[in-house]
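Accompanying notes for the structure given below.
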Amino acid sequence: MLTARSYDDALHFATATLAGVDVLVSWNSRHMVNLRRIRAINEVNLAMGQPPLEIRTPKELDNDA
């Protein structure tokens with residue numbers, strides 16, 4: 001069962017995946033930009049035939065420039 005917070009995060013990930021975004025950017029390091037969570041999301045995406053989702057903090061993107 002998903003909590004309200006988990007449901008909101010799951011909806012955010014699903015929307016980003018289905019919209020085909022290149023990178024989902026979030027300051028929420030505890031719930032969203034979390035390696036364990038990113039791996040779990042991408043495991044579901046791959047099982048559903050979707051591409052992996054890149055999830056980064058704004059600081060990580062700034063360092064890539």
So, taking the atom named [atom1] in [X] and the one named [atom2] in [Y], what distance separates them when rounded to the nearest 0.5 Å?
| X | Y | atom1 | atom2 | answer |
| --- | --- | --- | --- | --- |
| Met32 | Phe13 | CE | CZ | 4.0 Å |
| Ser26 | Glu60 | OG | CD | 10.5 Å |
| Asn34 | Asn28 | CG | CG | 9.0 Å |
| His12 | Ile55 | NE2 | CD1 | 9.0 Å |
| Ile41 | Leu46 | CD1 | CG | 12.0 Å |
| Glu54 | Ile38 | CD | CD1 | 8.0 Å |

Leu53 and its side-chain contact (heavy atoms from CB on, under 4.5 Å) partner, picked from Asp22, Val23, Asn45, Val44: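 Among the candidates, only Asn45 passes.
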Begin with the C-alpha distance, continue with both residues' side-chain angles, and end with the deciding distance and a verdict on side chain to side chain contact (heavy atoms under 4.5 Å, CB included) for Thr57 and Val25. CA-CA 5 Å; Thr57 66; Val25 180; over 6 Å; no
May I have the step-by-step check of side chain to side chain contact (heavy atoms under 4.5 Å, CB included) for Leu18 and Gln50, ending in yes or no? CA-CA 8 Å; Leu18 295 176; Gln50 296 295 323; 4.2 Å; yes
